[in-house]
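This one's a predicted model, so the numbers in the text were calculated from it and none came from an experiment. Below, chains carry the letters A, B, ... as their sequence lines are ordered, and counting in each starts from 1.
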Amino acid sequence: MTDPQNTAAPAATVYHDQPSANPIKVETRSVSVRYGDTQALHDVSIRIPDRGVTAFIGPSGCGKSTFLRCINRMNDTIDSARVSGSVLIDGEEVNSRAVDPVVLRARVGMVFQKPNPFPKSIYDNVAYGPRIHGLATKREDLDAIVEASLRKAGLWAEVEGRLGMPGTALSGGQQQRLVIARAIAVNPEVILMDEPCSALDPIATARIEELIDELRENYCLIIVTHSMAQAARVSQMTAFFHLGHLVEYGPTEDMFTNPHDARTQDYITGRFG
Amino acid sequence: MQISLFTVLILMVLTAVGFLVGRRRAYAVSSGHASRLHSLPSYYGYYIALWTGVPAFILLAIYGMFGNDAVNALAGAQMHRAGEPVHAQFEQALSDDEDIARLEAELATLENRRIYAREAIERDSELVPAAGEYPAQSPAERQQALSSEINRLAAEREARAEVLAGQVEAQTDDALARAGFVYSRLSDERRELMINDARAIAFGEGVASRETPEINALASAMRPFHEVLRSSMALAALALAIGGLAYARSRISSSFRARNRVEGAISVLLLLASVIAIATTIGIVLSLLFESVRFFSAINWRIDEFLLGTQWSPQIAIREGQVGQTGAFGAVPLFAGTALITVIAMLVAVPVGLFAAIYLSEYASTGVRGWAKPVLEILAGIPTVVYGFFALLTVGPLLRDALLLLGYENAVTQSALAAGLVMGVMIIPFVSSLADDVINAVPQSLRDGAYAMGATKSETVRQVIFPAALPGIVGAVLLAVSRAVGETMIVVMAAGQGANLTANPLESVTTITVQIVMLLTGDQEFDSPKTLSAFALGLVLFVLTLILNVIALRVVQRYREKYD
Ligand SMILES: Nc1ncnc2c1ncn2[C@@H]1O[C@H](COP(=O)(O)OP(=O)(O)O)[C@@H](O)[C@H]1O
Ligand SMILES: [Mg+2]
């Protein structure tokens, strides 16, 4: 049996062959992150295809969220975080000075573990992004964006006619879909989701998973999950992280049926994690 | 000191011994298997220590509270008994004395006439002069004349009685008997003074205001009572301690629930502490209420005048014959002054405090925050009197000079503006630290949400954090208002005293708190409407700040619930 703690010097990442159906949307090269003196992420290099769902799996604390936050530069908001390496979206360096994180984040939406609607009405929650980025000048345009986003997030039927209600008054699952609508409203290219279902009940989870499946037609979705089953259900690509390293990356089916690395195998078969 | 330090020390040692005994006893009854005991061994120790210490210290506390009074009463009774024969002698001398008899007869006549005159005044009729006896006088003049004559005769009688008392005293050899006699003829205050002097001589409590053989005699009468009471109390306390120890020890067995007993004792202790706090509050509120009722009855229940009147000059009302003048107690200028200064203070404190809080919680790095927050809180530690003279000596004159330069000729040093500005500065840390708390209570997930949508820092603050924290911030501001309304020192020093009804911040105004200070400082009789009005003002202040605090706490609480 392998003891994961003792495989100290990690081998380089194992990459499965990628069926190159879709073009690469996000690529990272040797991304490392330190929080003060502790290194949370070591040299992560990955190529994530567009129009599909890529799942990040791995035990708690292995750096999945940290890596996800590199893609929209959310680590900038953490004082102690230092990011090195390069992150490319459509081949364009994200970490360069020329890129305004504020603009970047309009292109790369993010959904968090805990639903976090703003203490505003449903309408204002969805209209928030379009307003600050000036996407709509007329009220009708804004109305249209709000409606379209809520429809895409599968929430429209439930909230139609009550858009003035506070977003916080919705149920947990509805709040999470509201937050997804909010992210969609600025028409992002990439949507990052950090354990979007871990605070939800199974029914709400199923609803979100359906939604993710629909969204992959149009967006590059990257989703962190601690549920192997979820990764298997919704993703086309899977990346396995362990202790700050990207251990193995490849098509989901391949990863689950034929893991190359012993740690991946252990994790997938539930031997640790 | 009536309880000797020695007794207290012995009791403390006994208590400690009780603890050890309890623990050992617990080990003994468990025959070495402490795990068979119901409670940990030290709980048995605490249990015995409580029984040893608490009853004895309660006894000492009671003695401490009432010991002096008991000694005074005992010595006083002895003195009274000794003085009784002398007093009888004096009574005899009074009734034998011809001068006294004559004076009393005259006084009785005059008193009758005065009654007659008063009745005439009440009936509003003329006096019927008895056969050529008086020149024609109006009843009022007549009453006046009679009163002064009565006063003169009474003084004469008093002087004669004093002479007789002197003679009686001179015939008495026993100093304690003289003391009893002297004491019986004193007013209440002077009696208290005499007792205090005697205590000062007997026990060295302070300095005696004078020393006479009589006071010395009383002092010597006090000493034995004191000694006996003190040593018997010390012995009783020790006996109680040892008895308590023995009793508690006898109860210990391996199934005895010492832990629960100790728990009970602790809850009683905590209960006592909160009862004291609550009882004090209730006491203060009740005394405010009662004194205010006295005030309102002195102004004939013109509460509307008090709350709505615009004329505040309490001094007029103490002049004789004007008691109950209601026009002088219109408190509106005070309310207006309070409001004006509070508004100015809030105009300074709310924006600055709020922005400082936003900077500290959202913008500052942890390093800056680490030192800036404590520095800001030092501001809160500056005594208000320091702010007061800062306002009076620096800000006030500066403002006045600036205004004079600008051509405003009525500029004064003491103005609402000076006081309000400085009070605002004083309240900044209060606002900022409360606001900082509520801003920090806004969940990080909301910030993340806004940043992830591409909002800048200030957009996040304005559009997400501030609205989310608003109820809490409103609560903080209300608390700050109630603080400003109740603030005294700065306004006493810097706002002036004139009860002007003005909205001009450059004039001097007065506030509720300033007036309370003015009404109660210096020599005052404590039952004139003037001083009583202070209680009514205090009541208004209390109700005002209470309402503000209740609303503020409600708002803050509701806000907390939302995010917990
Ligand atoms: N803000 C932070 N400051 C310091 N250390 C952090 C911070 N966020 C995460 N870490 C550390 O970085 C490591 C990776 O965390 P994270 O990316 O949240 O893991 P995951 O999402 O896989 O559970 C953990 O060891 C965690 O303690
Ligand atoms: Mg995480």
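Contacts between A:Arg182 and chain B at a heavy-atom distance below 4.5 Å involve backbone atoms as well as side-chain atoms. Only the backbone of A:Val108 comes within less than 4.5 Å of a heavy atom in chain B; its side chain stays farther off. Neither the backbone nor the side chain of A:Pro188 has a heavy atom closer than 4.5 Å to any heavy atom of chain B.
Ranked by non-hydrogen atom pairs under 4.5 Å with chain A, the options B:Gln463, B:Glu459, B:Lys457, B:Arg447 are led by B:Gln463.
Within the 3.5 Å criterion, the main-chain N or O of B:Ser365 finds no donor-acceptor partner in the side chain of A:Asp79. A:His133 places a side-chain N or O within 3.5 Å of a backbone atom of B:Met453 that can act as its donor or acceptor partner. Under the 3.5 Å distance criterion, the side-chain polar atoms of A:Lys120 are left unmatched by any main-chain donor or acceptor of B:Val464.
Atom CG of B:Leu271 is surrounded by more than 12 heavy atoms from other residues, nucleotides or ligands within 6.0 Å. The number of heavy atoms from other shown groups lying within 6.0 Å of CZ (B:Arg369) is above 12. Heavy atoms from other residues, nucleotides or ligands lying under 6.0 Å from OH of A:Tyr219 number more than 12. Within a 6.0 Å radius of OH in B:Tyr363, more than 12 heavy atoms belonging to other residues, nucleotides or ligands are found.
The shortest side-chain heavy-atom distance between B:Leu446 and A:Pro119 falls under the 4.5 Å cut-off.
Closest approach of B:Ser445 and A:Asn116 over heavy atoms only: O-ND2, 2.6 Å. For the residue pair A:Tyr128 and B:Ala450, the shortest heavy atom distance occurs at OH-CB, 4.2 Å. A pairwise comparison of heavy atoms in A:Val102 and B:Gly454 identifies CG1-O, 2.8 Å as the closest pair. Shortest non-hydrogen contact noted between B:Ala452 and A:Met110 is CB-CB, 3.7 Å.
With sequence neighbours excluded, the residues forming a side-chain contact (heavy atoms from CB on, under 4.5 Å) with B:Leu340 are B:Ile344, B:Ala416, B:Val509, listed by chain and number.
Rounded to the nearest 0.5 angstrom, A:Asp194 CG and B:Asp448 CG are separated by 10.0 Å. B:Thr460 OG1 to A:Phe118 CZ: the interatomic distance, rounded to the nearest 0.5 Å, is 7.5 Å.
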